[in-house]
Amino acid sequence: MIQLPLSKLSNVGTTIFSQMTQLANENEAINLSQGFPDFMPDSELLDLVDNFIKKGFNQYAPMGGMIGLKEEIAKKIENSHQAIYHPDSEITVTAGGTQAIFTTIATFVKKDDEVIIFEPAYDCYEPTIELFGGIVKRFEMKAPNYEIDWNVVKNLVSEKTKMIILNNPNNPSGKILKENDIQELIKIVEGTSILILSDEVYENIVFDGKQHLSICKYPELKERSLLVASFGKLFHVTGWKIGYCAAPKILTDEFRKIHQFNVFSVNTPIQLALAEYMKNPDHYNYLNQFFQEKRDFLRQGLANTPFELLDCEGTYFQALKYNKISDKSDFDFASELTITHKVASVPFSSFYKNKLNENVIRLCFAKKQETLERALENLSKL
C-alpha cells in the first residue's frame, strides 16, 4: 500500500461552521450557527441573472472581472468612503471574499514572513498563512469588550512583519474599529513596508448610527492595503461565492498573477446581473436598518433569559455569555444546545488558536422572522 505524505495542513480539520451545521441537520435543530440567510434574495436580482443566462452570457469573463461590475464597485467605494480606485486596474472580481483573502496571502506571504491577526479571527486566515510558510502573530481580543491594546500590537511588529490582517466589522465579536484604532494603526505602519489585508465583508451591516471606517478612507493606509468585500453578505447570496479585492495598481498587478492561476475568472452572468442591480444604491443602503431590526428582535427576545448579551455593533452575529447557565466548555455547551434545545450556535473558542474559553457562543440573526421566533421559543426555556 502506498505511503502517502503528510498534507501541508495535516493539523487542520473540518471547519466549526460545517461541524455545527451538520450537528444541526442531524438533530433537526434551528441553524443559527453558520452565517447564511434563510430567506430569498431580491427577485429582481434573480430575474437579472436568469436574463443574462438566457441571452447567452455563459462563457469566460475577463480575468479581472467584467468592466461594468468593476465600475459599479468603484462608484460604491467612492460614494461610501470617498476613495478612488481605477475600475480596470485596481479592482478584481473574486470567487467570494475567502478566495480574495487566500489569494492575497498567497501573493505576498513567503516563508518565515510574520503576519499579525486579531483573535477571535475568521478561520481561514491562520491556515492560509501557514500554508505559504508564514508565521502567525496573534493579539487576543477578550470578552466582554474585545478591545485592541495597540501598545501590545506594536510589540508584535518586527522586521519580519509582512502583513496585518483586519476584520472590520469583526466576525464573530460584532465589534467595529473606531477612529482611535485607525490612528494607532497608522502610527504602527508608518515608515514600514507592512501590507494590510482588510476584510470588510460586513461593511454595510453596522448599527445604531455608527460609521464603518474603511481602510481606504485613509490615504496613508490605502496605499498599502488590499480591501476585500463580498456580494454574498451584501445581497443575501452567500452560495454564489462572488466578491472583490480593491487595491492600488502595484498590489493588484501582483494579486492577479496568483488569481489567474487560482480561479482565473468568475461567473459571467452573475457579474452582469450585479452590475445592473448595483446601479440602484437603495439595493444595499437599507441593510443597516434591515439587520438592526433583526438584531434588536433577537436581543429583546433574549433579554429575560440567563444569557448575557454582549455588544453587537456590526455583522449579523450576536455574541452571548452563558456562564449563568452552565459551566461546560463552549463547545460542549453549543453541542448540548443543538441536541437538547434544538438551536445551533458556534462556540467562540473555535476562533482562537489556544481555544480560549470565555463561555461565549455566537448566534446568526440573518434569518426569517419565523426562524428567529422559533429559536427564541426554545432558548426561553433555558
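Side chains included, hydrogens not; waters and symmetry mates left out as well; all remaining heavy atoms used. Residue numbers run from 1 in the order of the sequence given.
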*Evaluate whether atom CZ of Phe331 has more than 12 neighbouring non-hydrogen atoms of other residues, nucleotides or ligands under 6.0 angstrom away.*
no

_Can you classify the ring geometry of Tyr244 versus Phe231 as parallel (below 30°), tilted (30 to 60°) or perpendicular (above 60°)?_
tilted

*Counting only heavy atoms not in Asn304, do more than 12 sit closer than 6.0 Å to its CG atom?*
no

*asked:* Test side-chain contact (heavy atoms from CB on, under 4.5 Å) on Leu298 and Leu376; report intermediate values, then the result.
replied: CA-CA 7 Å; Leu298 180 65; Leu376 286 170; 3.8 Å; yes

*Any idea how His212 and His81 line up, ring-wise: parallel (<30°), tilted (30 to 60°), or perpendicular (>60°)?*
perpendicular

*asked:* Please evaluate residues Arg362 and Gln318 with respect to the criterion side-chain hydrogen bond (donor to acceptor under 3.5 Å, both in side chains), reporting the C-alpha separation (whole Å), side-chain torsions for both, the decisive distance (0.1 Å), and the verdict.
replied: CA-CA 6 Å; Arg362 187 197 80 173; Gln318 174 64 56; over 6 Å; no

*What do you reckon, are the aromatic ring centroids of Phe52 and Tyr277 less than 6.0 Å apart?*
no

*asked:* What verdict does the side-chain contact (heavy atoms from CB on, under 4.5 Å) test give for Thr94 and Val263, after you've listed the backbone C-alpha separation in whole Å, the side-chain angles of each residue and the deciding distance to 0.1 Å?
replied: CA-CA 8 Å; Thr94 62; Val263 296; over 6 Å; no

*Residues Thr338 and Ser335: side-chain donor-acceptor under 3.5 angstrom*: no

*Quick one: does Asp330's side chain have a donor or acceptor within less than 3.5 Å of a partner on Asn357's backbone?*
no

*Criterion salt bridge (Lys or Arg N to Asp or Glu O under 4.0 Å) on Glu147 and Lys175, from CA distance to verdict*: CA-CA 8 Å; Glu147 301 290 349; Lys175 295 293 289 187; 3.5 Å; yes

*For the residue pair Tyr202 and Phe317, is the inter-centroid distance of their aromatic rings smaller than 6.0 Å?*
yes

*Tell me, do Lys324 and Leu382 make a side-chain contact under 4.5 Å, heavy atoms counted?*
no

*Taking the six-membered ring for Trp, are the ring centroids of Trp240 and Phe36 within less than 6.0 Å of each other?*
no

*CD1 of Ile186: more than 12 outside heavy atoms within 6.0 angstrom?*
yes

_Under-4.0 Å salt bridge between Lys187 and Glu184_ = yes

_Short side-chain to backbone donor-acceptor contact, Thr103 and Ala100, under 3.5 Å_ = no

*Does the side chain of Pro169 come within less than 4.5 Å of Ile205's, by heavy atoms?*
no

*Counting N and O atoms only, with roles assigned by atom type, does the side chain of Tyr322 sit under 3.5 Å from a partner on the main chain of Lys328, one being a donor and the other an acceptor?*
yes

_Salt bridge Asp208-Arg295, side-chain N to carboxylate O under 4.0 Å_ = yes

*Could you walk me through whether Lys217 and Glu179 pass salt bridge (Lys or Arg N to Asp or Glu O under 4.0 Å), step by step?*
CA-CA 11 Å; Lys217 291 175 70 74; Glu179 183 66 31; over 6 Å; no

*With a 4.0 Å cut-off, would you call Lys70 and Glu90 a salt bridge?*
no

*asked:* For Lys321 and Glu358: C-alpha separation, side-chain torsions, deciding distance, then whether salt bridge (Lys or Arg N to Asp or Glu O under 4.0 Å) applies.
replied: CA-CA 8 Å; Lys321 281 186 72 71; Glu358 296 188 292; 5.9 Å; no

*Taking the six-membered ring for Trp, are Phe365 and Phe207 parallel (under 30°), tilted (30 to 60°) or perpendicular (over 60°)?*
tilted

_Phe348/Tyr146 aromatic ring centres below 6.0 Å_ = yes

*Does a side-chain N-to-carboxylate-O contact under 4.0 Å join Glu78 and Lys75?*
no

_Could you check whether atom CD of Glu26 has more than 12 heavy atoms from other residues, nucleotides or ligands sitting under 6.0 Å from it?_
yes

*If only atom types and distance count, is the side chain of Gln19 paired as donor or acceptor with the main-chain N or O of Thr14 below 3.5 Å?*
yes

*asked:* Closer than 3.5 angstrom, by distance alone: can the side chain of Asn378 be matched with the main-chain N or O of His341 as a donor-acceptor pair?
replied: yes

_Distance-minimising heavy-atom pair for Thr238 and Pro37_ = CG2-CD, 4.0 Å

*Would you please indicate if the ring centroids of His259 and Phe102 are separated by under 6.0 Å?*
no

*Looking at Tyr284, is Lys76 sitting on its ring face, NZ or CZ under 6.0 Å from the six-membered ring centre and within 45 degrees of the normal?*
yes

*Passes salt bridge (Lys or Arg N to Asp or Glu O under 4.0 Å), Asp253 versus Lys257? Steps please.*
CA-CA 7 Å; Asp253 287 347; Lys257 290 177 183 178; over 6 Å; no

*asked:* Strictly below 4.0 Å, N to O, side chains only: are Lys342 and Glu377 in salt-bridge contact?
replied: no

_Angle between ring planes, Phe290 versus Phe39, binned at 30° and 60°: parallel, tilted or perpendicular?_
perpendicular

*Check whether any side-chain heavy atom of Ile117 lies under 4.5 Å from a side-chain heavy atom of Lys137, and answer yes or no.*
no

